[in-house]
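What's counted below: heavy atoms across the whole structure, side chains too, no hydrogens, waters or symmetry copies. This chain uses plain numbering: 1 for the first residue, then up along the sequence.
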Amino acid sequence: MATRRAAPGVCGVDDHRHRGDSEGAETAAWAAAIDVIRKPAPRYAGRFLHRDFHPGNVLFDMPPTSAAGARITGVVDWAAASWGSADLDVAHCSTNLALRHRPAWGLRWLRRLRRRAGCWPRPRASGCTGGCGTG
């Protein structure tokens, strides 16, 4: 099957962005990612980070009758701990949930975290004032 390609310079965009093949889509995705990385880092309040935060590193006390009453009792595996934006731990956990279960799980966790913490993920325009430590 032949790949259809737009003429170079169509719409002022390089040919690879118009390809119908996966190589063109991958190249365009990498170009977009590089554009984001080249921008200045967003401002943040530095916090102590776990850097490998996900459900597998959280200890729970589970009642014998129902998981609904589970209580967090600890967090383990601090080998990658560092200093930075708390958004990194939030993003890492959400990504782990999405990859392990499906994308909806990661998004659901973000919504619940925001509802409980009052600010994660913080709205870009207003910043965080909910006491979660990110801003």
Side-chain angles (χ1 to χ4, degrees):
M1 178 176 185
T3 302
R4 292 177 46 191
R5 298 176 189 236
V10 171
C11 304
V13 178
D14 292 339
D15 181 46
H16 73 270
R17 293 184 190 246
H18 288 285
R19 290 182 188 166
D21 60 351
S22 62
E23 180 184 322
E26 186 174 311
T27 301
W30 277 109
I34 290 167
D35 289 344
V36 169
I37 291 169
R38 286 185 175 150
K39 293 179 182 175
R43 292 180 45 164
Y44 65 88
R47 300 290 182 252
F48 185 65
L49 304 176
H50 187 275
R51 291 300 297 259
D52 190 24
F53 187 71
H54 61 83
N57 283 335
V58 179
L59 302 176
F60 296 91
D61 180 22
M62 303 285 284
T65 57
S66 168
R71 191 174 58 89
I72 296 174
T73 58
V75 178
V76 298
D77 188 12
W78 289 87
S82 67
W83 189 261
S85 170
D87 293 339
L88 294 172
D89 275 345
V90 173
H92 185 81
C93 187
S94 178
T95 301
N96 270 279
L97 287 167
L99 292 173
R100 184 174 180 133
H101 301 288
R102 61 180 187 270
W105 281 58
L107 295 171
R108 187 174 94 188
W109 182 78
L110 284 173
R111 283 192 304 272
R112 287 183 175 190
L113 179 62
R114 186 169 188 188
R115 213 172 28 244
R116 289 188 178 168
C119 57
W120 265 335
R122 73 173 173 265
R124 293 193 185 274
S126 63
C128 175
T129 58
C132 64
T134 64

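Taking hydrophobic clusters as Ile, Leu, Val, Met, Phe, Trp and Tyr residues chained together by side-chain heavy-atom distances below 4.5 Å, Leu49 does not share a cluster with Val58. Using a 4.5 Å cut-off between side-chain heavy atoms of Ile, Leu, Val, Met, Phe, Trp and Tyr, with links allowed through other members, Val75 and Trp109 fall into the same hydrophobic cluster.
Here Arg112 contributes atom CZ and Arg115 contributes atom CZ; the two are 6.5 Å apart, rounded to the nearest 0.5 Å.
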I'd like a table of donor-acceptor pairs (distance under 3.5 Å, sequence neighbours excluded) in which one partner is a side-chain atom from residues 89-103, with atom names and distances.
from, atom 1, to, atom 2, distance (Å)
Asp89, OD1, Arg51, N, 2.8
Asp89, OD2, His50, N, 2.9
His92, NE2, Asp52, OD1, 3.0
His92, NE2, Asn96, ND2, 3.0
Ser94, OG, Gly106, O, 3.2
Thr95, OG1, Ala91, O, 2.8
Asn96, ND2, His92, O, 2.9

In a table with atom names and distances, give each donor-acceptor pair under 3.5 Å that connects a side chain of residues 59-73 to protein atoms at least two apart or in another chain.
from, atom 1, to, atom 2, distance (Å)
Ser66, OG, Ala68, N, 3.0
Thr73, OG1, Leu59, O, 3.4

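Taking all atoms of both residues into account, the shortest heavy-atom contact from Tyr44 to Gly84 is CE1-C, 3.5 Å.
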Item checked: Leu88 vs Phe53, side-chain contact (heavy atoms from CB on, under 4.5 Å): CA-CA, chis, key distance, verdict -> CA-CA 9 Å; Leu88 294 172; Phe53 187 71; over 6 Å; no

